[in-house]
Q: 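Just dropping this structure here.
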Amino acid sequence: MERIPILRMGSYLLVTVQVDMHDQLAQQLQEDLAVKIVQTGARGVLLDISALELVDSFIGRMIGNIAATARVLDVATVVVGMRPAVAITLVELGMSLPGVQTALNVELGMELLRDRLEETVFNDHFPE
Amino acid sequence: MTISRSESLPIRSSGDVVVIRQRVRSAAEDVRFSIVGLTKLVTAASELARNTLVYGGGGNMLLEEVHESGRTGLRLTFADNGPGIADIALALKDGYTTGQGLGLGLGGARRLSDEFHIDSAPGKGTTVCITRWK
Amino acid sequence: MSLLVEILTKQQADLLSDWNRDLVNQTRTNGLSEKEIANQSKMLLEYLRDALQQDGNAMVDAPAMSRVRQFLVDVADARARQGFTPSEIAALTFSLKRPVFLRLEKLANGADQLSAEIWAATELIDGLGLHTLNAFLRSREELIKRQEQDMLELSTPVVQLWKGILALPLIGTLDSARTQVVMETLLQKIVETESRVAIIDITGVPTVDTLVAQHLLKTVTAARLMGADCIISGIRPQIAQTIVHLGIELTDVTTRATLAGAFQLALQRTKLNAAALHEFERAKSGAKEF
């Protein structure tokens, strides 16, 4: 069966969605990613959707679920590269993906994850 | 209103939903929709096609290029012979769903199109027709 | 209409020079040379002759007239751009009546034939005139639409203040259509310049209605989905009150009283710009001493 590849980059996982996803594929990705997070002990997930020309409520929900699942596993998720037309449409649809972190591209997303990681390390060493 | 092209597509599987997105996209490109207009229409089509599949048990979509007083638009009609909708106003409300969805499909599709008509009754199936002008 | 074909075939040169005299006298030339005008009228008469030889009873919408129609559309398009007025465009074809009727009178056999011929010619020339006028108006409308679009783009100057910081100073009344264009432009620029912060300054906006406020909010949300933060600055007291009265939630939106305040915050947010921030704050505190 067709699957969306999940790449490991250091302590992060990178998912680049490049196909027009049908619903099962999106569902599958959600499950695969949860397993991969636990297997690899990853600290962050980058979900690159810059190639996606459409995010409907189903894919939007998948993105929200991925972020929520990752949060439960103590992993930060950053969604990167959402196109302007896609963002406008998603807002019109009524989905603003609260609680999902975003960045303009993979590089900035990586930076965001690194910052968050530093913060956590700092707070672990110097609790309030 | 004149119709310059029309095409009927089946909705039987989630693969068909993907095909519908692609067909609507290429039709919108042909009549040169703006990128935002195109994305909104394709997204609305995706929502409605999924509704037809999940709640209507499958059906079909009619894609038409329409012309009226100098403007061009695309009209999409989704029809199924499913159980139908008893309370249309309720179904259009954001967050209402009888399935596992988010309940944004119908209301969302309405916001993403310029014209929206729904015709449904219990046992009579559901027909949703949307138009978006260039 | 046999006489008209005869005139167009046998008396073309004579008809043309007569008509041209009228054309030049009646209408402004708007920079067109007499030669150009003569050339165009000659072509029109030739196309008309060909069409009528093919189909003696052809009216403007007949298949035989397709070249005539196309030619009139081309002429109307060109003249619309050259700034001709609708009456000048109308005169272009209607002026053909006098020279044609004169010749019909000479050729006609009796009053019955004359009136039939004049009637047919009138119908044809009126049809041509309306066709030209329609084409002219369509062309003008397109021109106006294009200019509107240009103006919308001109009125949305998205500027880069610093690396990673955009500003959109909005001036004048915002209607729904303009807000939409402005917002799409802003989001597109965010991607192009990889800007993490966008400042929407509405100091120059006199009023904001519900629809516009909602568009602003949607833009802020859309920008956030793309990975950029928006700051709205320069909200006038009246607008702040309107927003509260309209019950629009601005809790998720960062606002600053002035563009300068928003810029300072933007520099703080894009930590890459630490040096610039330092510079900015020094300049600001320096300014206060005066």
Side-chain angles (χ1 to χ4, degrees), chain A residues 14 16-17 44-57 59-64 66-67 76-119 122, chain C residues 153 156 158 160 162-166 168 176-198 200 211-230 232 248-254 266 268-274:
Chain A
L14 174 65
T16 308
V17 185
V45 175
L46 282 168
L47 186 58
D48 180 5
I49 58 165
S50 54
L52 278 192
E53 292 175 320
L54 167 139
V55 173
D56 62 5
S57 67
I59 300 171
R61 183 162 63 134
M62 172 206 82
I63 294 172
I66 285 179
T77 308
V78 180
V79 173
V80 301
M82 188 185 290
R83 299 181 177 199
V86 170
I88 292 172
T89 305
L90 209 50
V91 173
E92 205 70 54
L93 204 54
M95 295 193 92
S96 55
L97 300 181
V100 176
Q101 279 195 293
T102 53
L104 288 169
N105 52 38
V106 172
E107 202 185 330
L108 290 170
M110 196 84 96
E111 204 175 288
L112 194 64
L113 282 178
R114 228 178 277 130
D115 286 356
R116 289 205 32 141
L117 223 56
E118 270 167 28
E119 258 172 49
F122 184 83
Chain C
E153 273 158 29
T156 56
V158 182
Q160 189 164 20
W162 208 271
K163 189 177 180 299
I165 303 173
L166 287 184
L168 173 66
S176 186
R178 184 175 164 217
T179 317
Q180 210 151 350
V181 173
V182 167
M183 296 317 166
E184 284 173 24
T185 315
L186 177 67
L187 296 181
Q188 196 52 48
K189 274 278 164 44
I190 286 176
V191 176
E192 282 167 19
T193 58
E194 290 191 6
S195 293
R196 290 154 68 177
V197 182
I200 304 173
L211 221 55
V212 171
Q214 270 164 359
H215 271 308
L216 279 174
L217 278 184
K218 280 179 189 168
T219 311
V220 174
T221 313
R224 199 194 67 77
L225 284 173
M226 290 164 49
D229 291 331
C230 283
I232 299 183
I248 296 161
E249 281 283 338
L250 274 183
T251 40
D252 292 337
V253 181
T254 314
Q268 283 162 358
R269 290 229 178 130
T270 53
K271 61 183 176 78
L272 285 171
N273 294 318

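All values derive from a computational prediction rather than experimental measurement. Both backbone and side-chain heavy atoms feed into the values below; hydrogens, waters and symmetry mates do not. Numbered from 1 within each chain, the chains take letters A, B, ... in sequence-line order.
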Q: Are there over 12 heavy-atom neighbours, none belonging to A:Glu107, within less than 6.0 Å of that residue's CD?
A: no

Q: Check each atom of C:Ser195 against the heavy atoms of chain A and say whether the ones under 4.5 Å are side chain, backbone, both or neither.
A: backbone

Q: When only heavy atoms count and the cut-off is under 4.5 Å, which of residues 76-83 of chain A reach chain C?
A: A:Met82, A:Arg83

Q: Just to be sure I understand the criterion: a residue of residues 85-94 of chain A counts if one of its heavy atoms is under 4.5 Å from a heavy atom of chain C. Which ones qualify?
A: A:Ala87, A:Ile88, A:Leu90, A:Val91, A:Glu92

Q: If every non-hydrogen atom of C:Gly227 is compared with every non-hydrogen atom of A:Thr102, which pair is closest and at what distance?
A: CA-OG1, 3.2 Å

Q: Which answer fits C:Ile190, side chain, backbone, both or neither, if we ask what part of it has an atom under 4.5 Å from a heavy atom of chain A?
A: both

Q: Could you tell me whether the side chain of C:Met226 reaches within less than 4.5 Å of the side chain of A:Pro84, counting heavy atoms only?
A: yes

Q: Between atom CG of A:Asn105 and atom CZ of C:Arg196, what is the distance when rounded to the nearest 0.5 Å?
A: 9.5 Å

